[in-house]
A.B. asks: 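Okay, here's the structure, questions in a sec.
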Amino acid sequence: MIGALLDLTADVARWLHVLSAFAWLGAGLWIRRLTLRSKPLLDQRSEMEVWDTHSLSFWRTSKVAAPTAEELDGLVWSFNQIRWLVGTGIVLFCLIYYRQPLAYLVDPSIAALTAREAIAASLFGLVGAPVLNEFVNRIPLHFKTLYMTASIAHLLAWVGLYANLFSQHGAMIQIGAMLGVVIAFNVLWYLYPRMRKAYNAVLKGEQPDPIDRQYWDRRGRHAYITLAIVFLMLSSHMGSLVRDNGHPFLTITTILAVSVVARWVLDATHHNGGVTPIEPRWITATAVVALALGITWMALPRTPAKPVAVPASTQVSASSAAHPVTHPPEHSSASSITSSASRDAAPLRADAIVQRRCAVCHAAQPSFPGMASAPRGIVFTSETMPLYAGLIAAVVQSERMPPGNATDMQPDERKAVTEWATGHAR
């Protein structure tokens, strides 16, 4: 019952999070469009204007240089959207990724982290990245090269860390959430207070601080990675070629690079009155070709990794599934687990259940219809099952796996696998 309520809460939070994201990103792209497409006006009170058409009507938006206090009465502040975005994002991350970190973040073949270690590693980035980013943003304005170098190094260092700590999908989710927190922190800690400061200055008949405007423009470049954040956070819906190609660092950095290029092309198009200039067209075409070649290379069959040696006491006998043991030994293992609900019948064996209910997908060559490769690259064999015991316990007990119980795992089978996996989890 509690699990169902938590899932419902996560679903509601996800819906609110998506709505907030649409509102925030849409407003940001709209303001960016107004900024880049605006043209000078002869009206002394207005600096720029933009004409649009919608709903069989024509609209003119003007940028006013020095509005009066009366004109600013009833001003709509868009910052509440990002507060909703942050709040619902925190709830989602806790209810999904921190509730089952072994299922979403950890790959034992990369780093055998416990649930607490995975959560601690994730929190380290979610807290440390915005703090470090703030130090980078405080680099004096005239050190442009230093600022760009520090920004890129700061970003790639985090990508490298989690690419070698989490599963590829977990690293993508972590980097996406981390960059989202960085942008939210930047907005709520700096941009929003500076906008309030400018608003109060106008009410007093003063001009906003020009230095604040320069820092605002610099920090506004964070928007170049918003498309990457959306892609990374939606990676759960991507195929194995994207979220399990065996090249996490290259995949994430490519997504970030494509996001920057896409935003640059969009800005160039707005600058050019809605028509993409020739140079961005060639750059876009070259990027598409390079991306296609890279995807083709990643899609090529990989050489299977060498099996990881595990203690003999925890190995699963592949042949034991075909020859059940009537009397289980004193110490339970994957080859000898028995369900208390079926002691009078042939004992339920974890390895046989996993092979029948799970390995149809989690195999080197999946037999499940439409499954081209093992999800997340997790292949269950006699050598790897003990390594994934913690993950198996989490997803089988919570009934997340098999998805929708597509392979018809029975309650006693689920109990048997859960008991074995829990006993062997690190």
Side-chain angles (χ1 to χ4, degrees), residues 2-3 6 10 89-133 154-182 185 232-233 235-236 243-244 246-249 251-252 305 307-311 313-316 334 350 358 362 374-380 383-398 400-401 417-426:
I2 295 179
L6 290 176
I90 292 174
V91 172
L92 271 179
F93 218 76
C94 291
L95 289 181
I96 297 178
Y97 303 107
Y98 287 169
R99 182 180 163 202
Q100 295 178 335
L102 297 179
Y104 287 100
L105 302 178
V106 177
D107 184 344
S109 65
I110 296 176
L113 302 175
T114 64
R116 291 184 178 181
E117 289 171 344
I119 293 174
S122 175
L123 287 173
F124 174 71
L126 295 180
V127 175
V131 173
L132 184 58
N133 184 70
H154 157 61
L155 182 56
L156 295 182
W158 289 108
V159 175
L161 171 64
Y162 289 109
N164 291 281
L165 191 63
F166 288 168
S167 66
Q168 179 168 335
H169 179 220
M172 295 174 75
I173 292 294
Q174 172 67 23
I175 295 298
M178 190 186 72
L179 294 180
V181 172
V182 167
F185 183 84
L232 291 169
M233 295 309 296
S235 60
S236 297
R243 59 187 177 95
D244 182 42
H247 307 281
F249 182 84
T251 300
I252 297 174
V308 181
V310 294
S313 60
T314 62
Q315 288 204 6
V316 183
C358 308
H362 291 282
R376 289 183 55 191
I378 298 176
V379 176
F380 290 143
E383 290 82 15
T384 62
M385 268 188 64
L387 296 176
Y388 292 109
L391 173 62
I392 293 172
V395 298
V396 173
Q397 185 176 29
S398 64
R400 284 192 59 249
M401 292 291 167
V417 173
T418 301
E419 288 177 354
W420 170 82
T422 303
H424 287 80
R426 177 171 173 261

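When reading the values below, keep in mind they use all heavy atoms of this one structure, side chains included, and skip hydrogens, waters and symmetry mates.
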A.B. asks: Where do Gln174 and Leu126 land on the side-chain contact (heavy atoms from CB on, under 4.5 Å) test, with the steps shown first?
C.D. replies: CA-CA 8 Å; Gln174 172 67 23; Leu126 295 180; 4.0 Å; yes
A.B. asks: Parallel under 30°, tilted from 30 to 60°, perpendicular over 60°: which one fits the rings of His362 and Phe380?
C.D. replies: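 Rings of His362 and Phe380: tilted, 30 to 60°.
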A.B. asks: Checking the side chain of Thr251 only, and the main-chain atoms of His247 only, is there a donor and an acceptor separated by less than 3.5 Å?
C.D. replies: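 Yes, the answer is positive, given that a donor and an acceptor are paired below the 3.5 Å cut-off.
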A.B. asks: Restricting to ring-ring contact (aromatic ring centres under 6.0 Å, His included), what partner residues turn up for Phe124, sequence neighbours left out?
C.D. replies: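 ring-ring contact (aromatic ring centres under 6.0 Å, His included) check on Phe124 returns Trp158.
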A.B. asks: Could you state the interatomic distance from CG (Leu179) to CE (Met233), rounded to the nearest 0.5 Å?
C.D. replies: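 These two atoms lie 10.0 Å from each other.
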A.B. asks: Heavy-atom distance under 4.5 Å between the side chains of His169 and Ser236, does that happen here?
C.D. replies: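 They are in contact (side-chain heavy atoms under 4.5 Å apart), so the answer is yes.
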A.B. asks: Go through Leu113 and Phe166 one step at a time and tell me if the side-chain contact (heavy atoms from CB on, under 4.5 Å) criterion holds.
C.D. replies: CA-CA 9 Å; Leu113 302 175; Phe166 288 168; 3.8 Å; yes
A.B. asks: Working to the nearest 0.5 Å, report the span between CG of Leu387 and CG of Asp107.
C.D. replies: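 Separation between the atoms: 9.5 Å.
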A.B. asks: What is the distance from atom OG1 of Thr422 to atom CD1 of Ile392, rounded to the nearest 0.5 Å?
C.D. replies: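 Answer for the OG1-CD1 pair, Thr422 versus Ile392, is 10.5 Å.
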A.B. asks: At their closest point, which heavy atom of Ala10 faces which heavy atom of Leu95, and how far apart are they?
C.D. replies: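 Of all heavy-atom pairs spanning Ala10 and Leu95, the closest is N-CD1, 3.7 Å.
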A.B. asks: Without swapping roles, check the side chain of Ser235 against the backbone of Leu232 for a donor-acceptor pair under 3.5 Å.
C.D. replies: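 Yes, Ser235 side chain to Leu232 backbone: donor-acceptor pair under 3.5 Å.
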A.B. asks: Can you tell me which residue among Val379, Val106, Val395, Ile378 is in a side-chain contact (heavy atoms from CB on, under 4.5 Å) with Tyr388?
C.D. replies: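 Among the candidates, only Ile378 passes.
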A.B. asks: Let me confirm one number: the CD1-OH distance from Ile175 to Tyr162, rounded to the nearest 0.5 Å.
C.D. replies: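 It is 7.0 Å, given to the nearest 0.5 Å.
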A.B. asks: To the nearest 0.5 Å, tell me how far Ile110 CD1 sits from Asn164 CG.
C.D. replies: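 If we round to the nearest 0.5 Å, Ile110:CD1 and Asn164:CG are 8.0 Å apart.
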A.B. asks: Taking all non-hydrogen atoms of both residues, which atom of Pro248 and which atom of Ala163 are closest, and how far apart?
C.D. replies: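 For Pro248 versus Ala163, the nearest heavy atoms are CG-O, 3.7 Å.
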A.B. asks: If you compare all heavy atoms of Gly125 against all heavy atoms of Met178, which two are closest, and at what distance to 0.1 Å?
C.D. replies: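 Nearest heavy atoms, Gly125 then Met178: O-CG, 3.4 Å.
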A.B. asks: Supply the atom-to-atom distance Tyr104 OH to Ile173 CD1, rounded to the nearest 0.5 angstrom.
C.D. replies: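 Tyr104 OH to Ile173 CD1: 9.0 Å, rounded to 0.5 Å.
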